[in-house]
Amino acid sequence: MAPSRAFTRLILAQQRRATTQCAARIARGYHSYDHPSPSGAFNAAERAILSAAYAHVPEHGFTQHALALGARDAGYLDISASLLPNGPFSLIKYHLVTKRESLAPKSAHIFGPGSEAERLPVDDKVERLTWERLLENKDVIHRWQEALAVMAQPSLVPSSLRELALLSDEIYHLSGDKAVDPTWYTKRASLSTIYASTELFMTNDRSYGYDDTRAFLQRRLRESSGLGAVVGNIGQWVGFTAAAGVNVLRSKGMRI
């Protein structure tokens, strides 16, 4: 079932606002390494609870129940999980932040001095790192449509888009992209939405080793060119995520 027009308009408005904010950061010379996700993204207690709760995601999903179990495992009262500012989205953000942060050591290993991949073109490195990040979802991919439902809530769309922007910036930085021309933004915006649509594709992929997902990713990267592709991909991200979010929430009996 397609999302309501009002909901779609709200999603689009939130997305445009986030895109404008991203463009403003770019104009100031923003880069993820200038503003890394510090340990302050979560305080010590939150990180302990989220780390423990993450182990329960495969069985219980990105839910308040998983958070309560994590709080117990970390030595806190179950009710402590309710202190996390965004509930289950805090657990989703923990996944997004920690998996993004893990790309730097992966990149150093894959593209390190003397490696066969060291001299690959930037575009090939972007594809490889994007694939490596997608593989980090494999243990929770059966729960990811539920996560998309949470991320598609209007109040959380800007934060979700910001995480996409940070991921694409990280991938390009680690791939050795040093361009400072107008393509800086368009490349990252395009990769953000290609990643998101590939991630959604992966939730329904039953091929061995997610071979179909990698082929899908490679096709989308080949097809991506210029602003026209960026605009189209952003529209697809909004449509895919809004529809997935509304449908999953409705399937759980929630009114949208």
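Residue numbers run from 1 in the order of the sequence given. This structure is a prediction, so every number in the text was calculated from the model and none was measured.
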The residue among E163, M151, R162 that forms side chain to side chain contact (heavy atoms under 4.5 Å, CB included) with K93 is E163
Donor-acceptor pair, [X] side chain versus [Y] backbone, under 3.5 Å?
X: T193; Y: A189; value: yes
X: S160; Y: L156; value: yes
X: S51; Y: A48; value: no
X: E118; Y: G114; value: yes
X: S192; Y: L164; value: yes
X: S207; Y: D211; value: yes
X: S102; Y: K99; value: yes

So [Y] and [X], do their side chains get closer than 4.5 Å, heavy atoms only?
X: S197; Y: R220; result: yes
X: K106; Y: H109; result: no
X: S168; Y: I171; result: no
X: F89; Y: S159; result: yes
X: L84; Y: L67; result: yes
X: L103; Y: L167; result: yes
X: V140; Y: Y54; result: yes
X: T213; Y: L217; result: no

Over all heavy atoms of both residues, which pair between [X] and [Y] is shortest? Give the atoms and the distance, please.
X: A41; Y: E46; answer: O-OE1, 4.5 Å
X: A147; Y: F62; answer: CB-CD1, 3.9 Å
X: A52; Y: G70; answer: CB-O, 3.4 Å
X: S115; Y: G112; answer: OG-O, 2.7 Å
X: A117; Y: K125; answer: O-CE, 3.6 Å
X: S90; Y: N86; answer: OG-N, 3.4 Å

From [X] atom [atom1] to [Y] atom [atom2], the distance as rounded to the nearest 0.5 Å:
X: L221; Y: T130; atom1: CG; atom2: OG1; value: 6.0 Å
X: L166; Y: L161; atom1: CG; atom2: CG; value: 11.0 Å
X: R100; Y: H95; atom1: CZ; atom2: NE2; value: 12.0 Å
X: D205; Y: D212; atom1: CG; atom2: CG; value: 5.0 Å
X: M202; Y: W144; atom1: CE; atom2: CH2; value: 11.0 Å
X: T203; Y: L148; atom1: OG1; atom2: CG; value: 7.0 Å

Quick note, side chain to side chain donor-acceptor pair (under 3.5 Å) partners involving residues 63-78, not counting sequence neighbours, are H56-D73, R72-D78
One thing to verify: whether E223 and R219 come together as a salt bridge, which I'm taking to mean a side-chain N less than 4.0 angstrom from a carboxylate O. no
(message) Between W184 and Y172 (judged by ring centroids, cut-off 6.0 Å), do the two rings come close enough to count as a pair?
(response) no
Item to complete: Determine the interplanar angle of the F216 and F201 rings, folded into 0 to 90°, and report it as parallel if under 30°, tilted if 30 to 60°, perpendicular if over 60°.
Response: parallel
R143 and E146: salt bridge (Lys or Arg N to Asp or Glu O under 4.0 Å), yes or no, with the steps?
CA-CA 6 Å; R143 296 291 186 178; E146 299 167 15; 3.2 Å; yes
Residues D177, S175; criterion side chain to side chain donor-acceptor pair (under 3.5 Å); working and verdict: CA-CA 6 Å; D177 180 53; S175 298; over 6 Å; no
inquiry  = Would you say L69 ends up clustered with F42 if hydrophobic residues are merged whenever their side chains have heavy atoms under 4.5 Å apart, either directly or through other cluster members?
reply    = no
Original post:
Taking a hydrophobic cluster as the set of Ile, Leu, Val, Met, Phe, Trp and Tyr residues connected by side-chain heavy atoms closer than 4.5 Å, whether directly or through intermediates, do I49 and L83 fall within one such cluster?
Top reply: no
- Item | Neighbour count above 12 (heavy atom, 6.0 Å) for H142 NE2 | yes
### Message
Go through it in stages, so that I can follow the logic: the residues are N204 and Q145, the test is side-chain contact (heavy atoms from CB on, under 4.5 Å), and I'd like the CA-CA distance, side-chain angles, deciding distance and then a yes or no.
### Response
CA-CA 9 Å; N204 293 307; Q145 287 196 14; 3.6 Å; yes
Practice problem: Decide yes or no on side-chain contact (heavy atoms from CB on, under 4.5 Å) for R128 and L120, but give the supporting numbers first. | Solution: CA-CA 10 Å; R128 176 66 183 275; L120 285 174; 5.7 Å; no
| query | Regarding K138 and the six-membered ring of Y210, is the cationic atom NZ or CZ under 6.0 Å from the ring centre and inside 45° of its axis? | reply | no
